[in-house]
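When a residue number appears, it is its place in the shown sequence, counting from 1.
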Amino acid sequence: MIAFVSGPVAALAPDAAVVEVGGIGMAVQCTPNTLSTLRIGQQTKLATSLVVREDSLTLYGFADDDERQTFELLQTASGVGPRLAQAMLAVHSPDALRRAVATGDEKALTAVPGIGKKGAQKLLLEFRDRLGEPIGTGTGVGAPVTSGWRDQLHAALVGLGYATREADEAVTAVTPQAEAAGGNPQVGMLLKAALQTLNRTR
C-alpha cells in the first residue's frame, strides 16, 4: 500500500524514525543499521512495508528495496512475524541471510535474538527455495563499515538525542568490541551495543 516515504527526518528513537510527508509525521520502524544513516532535519527516502493487524497498522522502513523484499519474504516462513524478520535484518544484511541459507549456516541464524538451534534448522529448510542466491561476494554480518566508525556511531547517537558526553562515553564503551571485529566493525551492531550501555547508565 505504501511503497516508500520521502521527506525530512522529524524525530529519531532507538527503534524508529518519524519522516514528515506532506505535513504528516509518518512513524517508521527501522533497524539500527538504517537509523544510523538518518539525521534529524535531513531528507531521506525509505522503502516501506505496511503490516496490518486487527489492532494496529505498523510501517516498517528499509534502506532499499532489497531489504524490504527480504523482510516480506522472511515472513512467508511459519513462525516468522514482522518483529522477528526485522531482528534478522538488524543482525544480517539481505545478502548475508541468503548466504547463510545457501550454505546451511545455523550459527548465523542463531545469532539473531529469538532464534534457537531447532528454529534455525527449521528456517533453513523453509527459506531454501525462497530467498534465492547471494548477490554479492562479501561475507560477514550486516554491512561492513571499514572506516570512520567512531564518527558514524557518535553522529547516530547524537541524532537519537543523546548528549555529546553520553555519546563519547558510549563510543569508548564499545571500542573493544569494534577492535575485536578487526578492520570491519558493523556500525549497526555497535549502535545496539552502545544503546544498551546508555540504557544501563541512565
Report the residues that fulfil side-chain contact (heavy atoms from CB on, under 4.5 Å) with [X], sequence neighbours left out, ordered by chain and then residue number.
| X | result |
| --- | --- |
| T37 | none |
| L50 | M1, V52, L57, L59 |
| A194 | L153, L157, A170, V174 |

_Within this structure, what is the CE-OG distance for the pair M26 and S6, rounded to the nearest 0.5 Å?_
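If we round to the nearest 0.5 Å, M26:CE and S6:OG are 11.5 Å apart.
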
_Let me confirm one number: the CG-CG distance from L35 to L12, rounded to the nearest 0.5 Å._
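Rounded to the nearest 0.5 Å, the CG-CG separation comes to 6.5 Å.
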
*Counting distance only, does the side-chain N/O of R39 pair as donor-acceptor with the main-chain N or O of S36 below 3.5 Å?*
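Checking the backbone N and O of S36 against the side chain of R39, a donor-acceptor pair under 3.5 Å is found.
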
_Any donor-acceptor pair under 3.5 Å from Q42 side chain to L38 backbone_ =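 Not at all, since once roles are kept as given, no pair shorter than 3.5 Å links the two residues.
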
Taking the side chain as C-beta and beyond, is there a heavy-atom pair between [X] and [Y] under 4.5 Å?
| X | Y | value |
| --- | --- | --- |
| P94 | L89 | yes |
| L97 | F127 | no |
| P113 | V91 | yes |
| L123 | L74 | no |
| D15 | Q86 | no |

For [X] and [Y], which heavy atoms make the closest approach, and how far apart are they?
| X | Y | result |
| --- | --- | --- |
| P14 | L195 | CB-CD1, 4.1 Å |
| A90 | P32 | CB-CD, 3.9 Å |
| T197 | A173 | CG2-CB, 3.8 Å |
| A108 | H92 | O-NE2, 2.5 Å |
| Q43 | P8 | NE2-CD, 3.5 Å |
| A47 | D65 | CB-OD1, 3.5 Å |

Under the rule for salt bridge (Lys or Arg N to Asp or Glu O under 4.0 Å), what residues qualify as partners of [X], not counting sequence neighbours?
| X | result |
| --- | --- |
| R130 | E126 |
| R98 | D66, D95 |
| K45 | none |
| D105 | none |

_With T70 via side chain to side chain donor-acceptor pair (under 3.5 Å) - residues at least two apart_ =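 Expected list: none.
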
*Which residues share a side chain to side chain donor-acceptor pair (under 3.5 Å) with D168, sequence neighbours left out*: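 Residues passing side chain to side chain donor-acceptor pair (under 3.5 Å) with D168: H154.
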
*Can you tell me which residue pairs pass the side-chain hydrogen bond (donor to acceptor under 3.5 Å, both in side chains) test with a partner in residues 48-63, sequence neighbours excluded?*
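For residues 48-63: S49-E72.
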
*Among pairs that include at least one residue of residues 17-32, which meet side-chain hydrogen bond (donor to acceptor under 3.5 Å, both in side chains), considering only residues two or more places apart or in two chains?*
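Residue pairs with at least one partner in residues 17-32: T31-T34.
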
_Check for me, please, whether I2 and V18 land in the same ILVMFWY cluster - side-chain distances under 4.5 Å, paths through other members count._
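No, because I2 and V18 fall into different hydrophobic clusters, even though each may have its own neighbours under 4.5 Å.
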
*Taking a hydrophobic cluster as the set of Ile, Leu, Val, Met, Phe, Trp and Tyr residues connected by side-chain heavy atoms closer than 4.5 Å, whether directly or through intermediates, do L73 and F4 fall within one such cluster?*
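In one cluster with L73: F4, no.
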
*Run the numbers on R68 and L46 for side chain to side chain contact (heavy atoms under 4.5 Å, CB included), then give the verdict.*
CA-CA 9 Å; R68 180 189 62 199; L46 297 173; over 6 Å; no

*Would you list the pairs meeting salt bridge (charged side-chain N to carboxylate O under 4.0 Å, His left out) in which at least one residue belongs to residues 109-120, sequence neighbours left out?*
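Sorted pair list: E106-K117.
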
